[in-house]
Colleague: 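Supplied in structure tokens, the structure appears directly below.
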Amino acid sequence: MKSSFKILGSGAGTGAPSFFCDCPGCREARENPARARTRSGALITTKLGNMLIDAPPDLRTQLVRERVEKIDNVLLTHWHYDHFGGLGELEYYVKLVRKEPIPLFLPPSAKAQFDAAFPNLREVFRVMPWAFMMEYRFGDLAITPLPANHGVETAGFFVKSPKTSVAYFPDTAGLPKVTTTVVEGVHWLVCDATFYGENWYPDTHMSVEEAIDLGRKVKARQTVLTHLSVHYSKPVTSAELEAAAALHEGVSVAYDGMEIEF
Ligand SMILES: [Zn+2]
Ligand SMILES: [Zn+2]
Ligand SMILES: [Zn+2]
């Protein structure tokens, strides 16, 4: 069985298409479902099991679409609805199939929020706050939560296998220095490119251009743009995003189901 890092969702909080929007990006996603973007999350598959990074509200459709049959660990980058809203989707899997709680690694500050939001999921998860800069080992895989710039306490995950490395930062505005030091030279930087055109929230997100610059700055071999909104400051289609990325060597646009081999 091959190991992989799969993008389950590549959209920002609104998803594409959005039920309330008829911009060219949403129209493209309605006409061609392969262009749709569910909310951002990823799945790491190794011979030891499946690790879910974030639980977006679209989790059920993502797992069905990718034919994922088991989840062994869940890691959350931060406590925003588009990244935790799908936790409840794991309830029946745990109760009917797994029959023991799933380890859920979350930001230390999110523990109280989890307890307040999901009192009915206490038996579904074994909640464990992660620590920044701590290396968690799963077989020959090492995962390190690194600080991101996103207002609330947020990590990106630096994932290292014997073959490759992935830095997954779906929500961040640039990277703190301490994080840049670790991420420098990474094989795959998968990062926040929420805005096309003007960045409305320069302290918490990046634009496509800023994400491409960040990839250059940290000398990533490949930069993958994700957490894409197709309709914030300037509506854009996936075809247009791909054309923009193609102007830069080593830059690509994430899509739902995109796979990076470990
Ligand atoms: Zn739209
Ligand atoms: Zn967020
Ligand atoms: Zn987000």
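Note that the structure is a prediction, hence the values are computed from the model and not measured.
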Colleague: Does the side chain of Met133 reach to within under 4.5 Å of the side chain of Val178, using non-hydrogen atoms?
Modeller: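 Met133 vs Val178: side chains touch.
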Colleague: Scan side-chain atoms only and decide if Asn149 and Thr172 contain a donor-acceptor pair under the 3.5 Å cut-off.
Modeller: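 Judged by distance alone, the side chains do not pair up.
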Colleague: Is the CZ atom of Phe19 crowded by more than 12 outside heavy atoms at less than 6.0 Å?
Modeller: no
Colleague: Are any of the side-chain heavy atoms of Asp82 and Pro56 separated by less than 4.5 Å?
Modeller: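 Not touching, per the 4.5 Å side-chain cut-off.
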Colleague: Do other residues, nucleotides or ligands put more than 12 heavy atoms under 6.0 Å from Arg60 CZ?
Modeller: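 Atom CZ in Arg60 is not crowded, with 12 or fewer foreign heavy atoms closer than 6.0 Å.
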Colleague: Check for me whether the distance between the ring centres of Tyr136 and Phe105 falls short of 6.0 Å.
Modeller: yes
Colleague: So does Asp115 pair up with Lys111, basic N to acidic O under 4.0 Å?
Modeller: yes
Colleague: Looking at the rings of Phe5 and Tyr168, which for Trp means the six-membered one, are their centres under 6.0 Å apart?
Modeller: yes
Colleague: Hey, does the side chain of Thr223 reach the backbone of Ile212 with a donor-acceptor pair shorter than 3.5 angstrom?
Modeller: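 No, Thr223 side chain to Ile212 backbone: no donor-acceptor pair under 3.5 Å.
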Colleague: Hey, any chance Ile102 and Val127 share a hydrophobic cluster, counting ILVMFWY side chains that come within less than 4.5 Å of each other, even indirectly?
Modeller: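 In one cluster with Ile102: Val127, yes.
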Colleague: Give a yes or no on whether the backbone of Tyr196 and the side-chain of Ser233 come within a donor-acceptor separation of less than 3.5 Å.
Modeller: yes
Colleague: Report yes or no: does Glu89 contribute a side-chain atom to a donor-acceptor pair with the main-chain N or O of Gly86 at less than 3.5 Å?
Modeller: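 Side chain of Glu89 to backbone of Gly86: no pair is present.
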Colleague: Is the side chain of Asn50 donor-acceptor paired with the backbone N or O of Thr45 at a distance under 3.5 Å, no angle test?
Modeller: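 It does not hold such a pair.
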Colleague: Walk me through it: do Asp171 and His78 pass the test side-chain contact (heavy atoms from CB on, under 4.5 Å)?
Modeller: CA-CA 9 Å; Asp171 291 55; His78 66 300; 3.5 Å; yes
Colleague: Would you kindly say whether Glu153 and Ser109 are connected by a side-chain donor-acceptor distance under 3.5 Å?
Modeller: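 A pair is found: one side chain offers a donor N or O, the other an acceptor, under 3.5 Å apart.
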Colleague: Cluster question for you: counting only ILVMFWY and a side-chain heavy-atom cut-off of under 4.5 Å, with indirect links fine, are Leu76 and Ile53 together?
Modeller: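 As far as the 4.5 Å side-chain criterion goes, Ile53 and Leu76 are not connected within one cluster.
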Colleague: Is any NZ, NE, NH1 or NH2 atom of the basic residue among Arg27 and Glu31 found under 4.0 Å from an Asp or Glu carboxylate oxygen of the other?
Modeller: no
Colleague: Is the Trp130 to Phe132 ring centre distance short of 6.0 Å?
Modeller: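 For Trp130 and Phe132, the ring centres are under 6.0 Å apart.
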Colleague: Taking CD in Glu123 as the centre, count heavy atoms belonging to other residues, nucleotides or ligands within less than 6.0 Å. Is the count above 12?
Modeller: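 Counting neighbours around CD of Glu123, 12 or fewer heavy atoms of other residues, nucleotides or ligands fall under 6.0 Å, so no.
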Colleague: Could you tell me if the side chain of Lys70 sits less than 4.5 Å from the side chain of Asp72, heavy atoms only?
Modeller: yes
Colleague: If only side-chain N and O atoms count, and only distance matters, is there a donor-acceptor pair under 3.5 Å linking Ser238 with Arg37?
Modeller: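 Yes - a donor-acceptor pair under 3.5 Å links their side chains.
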Colleague: Among side-chain atoms of Asn199 and Glu210, is any donor-acceptor pair under 3.5 angstrom?
Modeller: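 Indeed, the side chains of Asn199 and Glu210 share at least one donor-acceptor pair under 3.5 Å.
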Colleague: Is a side-chain N or O of Ser229 found less than 3.5 angstrom from the main chain of Phe195, in a donor-acceptor match?
Modeller: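 No, the answer is negative, given that no donor and acceptor are paired below the 3.5 Å cut-off.
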Colleague: Are Leu52 and Val97 connected into the same hydrophobic cluster when the rule is that any two of I, L, V, M, F, W, Y join if their side-chain heavy atoms are below 4.5 Å apart?
Modeller: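 Yes; Leu52 is reachable from Val97 via cluster members.
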Colleague: How are the rings of Trp200 and Tyr232 set relative to one another: parallel (under 30°), tilted (30 to 60°) or perpendicular (over 60°)?
Modeller: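 Rings of Trp200 and Tyr232: parallel, under 30°.
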Colleague: Under a plain distance cut-off of 3.5 Å, with no hydrogens placed, do His227 and Thr194 share a side-chain donor-acceptor pair?
Modeller: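 Indeed, the side chains of Thr194 and His227 share at least one donor-acceptor pair under 3.5 Å.
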Colleague: If we ignore angles and hydrogens, is there a donor and acceptor under 3.5 Å between the side chains of Asp192 and His205?
Modeller: yes
Colleague: Under 3.5 Å, is there a donor-acceptor pair between the side chain of Thr164 and the main chain of Lys160?
Modeller: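 Such a contact is absent between Thr164 side chain and Lys160 backbone.
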Colleague: Tell me, yes or no, whether the heavy-atom count around Glu209 atom CD, taken from other residues, nucleotides or ligands under 6.0 Å, exceeds 12.
Modeller: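 Incorrect, the count does not exceed 12.
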Colleague: Measure from the side-chain N and O atoms of Ser40 to the backbone N and O of Gly11, and report whether any donor-acceptor pair falls under 3.5 Å.
Modeller: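 Flag set: sc Ser40 to bb Gly11 pair under 3.5 Å.
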Colleague: Working to the nearest 0.5 Å, report the span between CZ of Arg65 and CG of Leu8.
Modeller: 6.5 Å
